[in-house]
Amino acid sequence: MRRLLAIVAALLLLPASAAAQTTVEPNATLPDISDEVMCPICGVPLELSNSPAAERERAFINKLISQGLDKEEIKVRLADEYGPAVLAVPDDEGFNLTAWILPVVGVLAALVLIGLAAGRWRREGGGADSGGGDAPTPKIGFEDAERLETDIDRYQV
Amino acid sequence: MSNKGFLAILAATGFIALLAFGMIAKSGPSIAVGEEAPDRAIEPLGGGEEVRLADYRGQWVFLNFWASWCQPCRTEAPAIEDFTRENKGKVKVIGVASRDLTSDAQRFAREFDLTYELLHDGDGNLMDDYNVKGLPESFLIDPEGKIAFIYRGPVDEKILDENVAPLLTDTR
């Protein structure tokens, strides 16, 4: 009797275990991919778009995730479907190479400019302590001082 | 003029030139009736040997850009299919599934029982060549490869019968 029960239990559990075996472990997540690929029609990253085309792209990615593909494999499949422009990174050849070079050039140029400005500021004594905490009083001539007095009197300031 | 002033003007000019370049690059090519129809090698939907629109020189070509996710494309698909059947031998109808998934586009074609030739422009390069801004858009190309008619939006039976069909009798 006990053996019969064990066989029945094993038969009942068999479909569940088979189903568990066919379930593919995901190797990627939608949020992880959707910030690295573009919506095919809207020109913004997929994560920012709710257009119908973006929804279809998301469904496609989810399908590939459920098949167990990893992020790089999914990107390759997306590029097959939508072309390389779907990847949110520019090509590293031709004119698109400037997209990689310009930021580096920009940072270097900024560093050089800051260095030059700092050197000039130091040469002009910009960092030297003037000795007093008060702002220097501007000097005015006798005529200007007299006119100032007249104006103050006139307006009764 | 001081060096600083010159550099400031140079920087401003460069910035404006960059903006202008960006705007020109974004605006895409101008497409108008009478102009040469852009040509590009493109894959049939579902794969296969690439075809070029220039391969169809000598016959009228009705080029329709669509996508399965585009609702107005669903509205116009039956009219284009009817037009294809009614004008068999007079015009080559080509549907270009643009920026669409192959499987979705194939499902769309099955759903509407489309019999005309279908190409897949997944990256949208052909669409950009024709300066297509929104789907669907249609172009009639004459036997010499020149654009004879442009319609931006979903076509219907009336538009096809009144604007496209009469041109097909013109053998140029």
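We name chains A, B, ... by the order of the sequence lines, and we start the count at 1 in each one.
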How about R57(B): does its CZ atom have over 12 heavy atoms from other parts shown lying under 6.0 Å from it?
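Yes, because the 6.0 Å sphere around CZ of R57(B) holds more than 12 heavy atoms from other groups.
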Could you tell me whether Q67(A) atom CD has more than 12 heavy atoms of other residues or ligands within 6.0 Å of it?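 Yes, the 6.0 Å shell around CD holds more than 12 heavy atoms from other groups.
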Check whether [X] and [Y] end up in the same hydrophobic cluster, where Ile, Leu, Val, Met, Phe, Trp and Tyr are linked by side-chain heavy atoms less than 4.5 Å apart.
X	Y	answer
V93(B)	L167(B)	yes
V33(B)	F139(B)	yes
L114(B)	V164(B)	yes
I147(B)	Y56(B)	yes

- prompt: To the nearest 0.5 Å, how far apart are OG1 in T102(B) and CG in D80(A)?
  reply: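 So the gap between those two atoms works out to 9.0 Å.
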Checklist entry - Can you tell me how far CZ of R99(B) sits from OG of S51(A), rounded to the nearest 0.5 angstrom? => result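 CZ of R99(B) is found 11.5 Å from OG of S51(A).
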Closest approach of [X] and [Y], non-hydrogen atoms and distance?
X	Y	value
R56(A)	D104(B)	NE-OD2, 2.6 Å
E81(A)	D100(B)	OE1-O, 3.9 Å
W69(B)	P52(A)	O-CB, 3.6 Å

Practice prompt. Decide yes or no for F60(A) and L101(B): does some side-chain heavy atom of the first lie under 4.5 Å from some side-chain heavy atom of the second?
Written response: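 Yes, side chains in contact.
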- Interchain contact, D121(B) with chain A, by part (heavy-atom threshold 4.5 Å):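 Nothing of D121(B), per the 4.5 Å heavy-atom cut-off to chain A.
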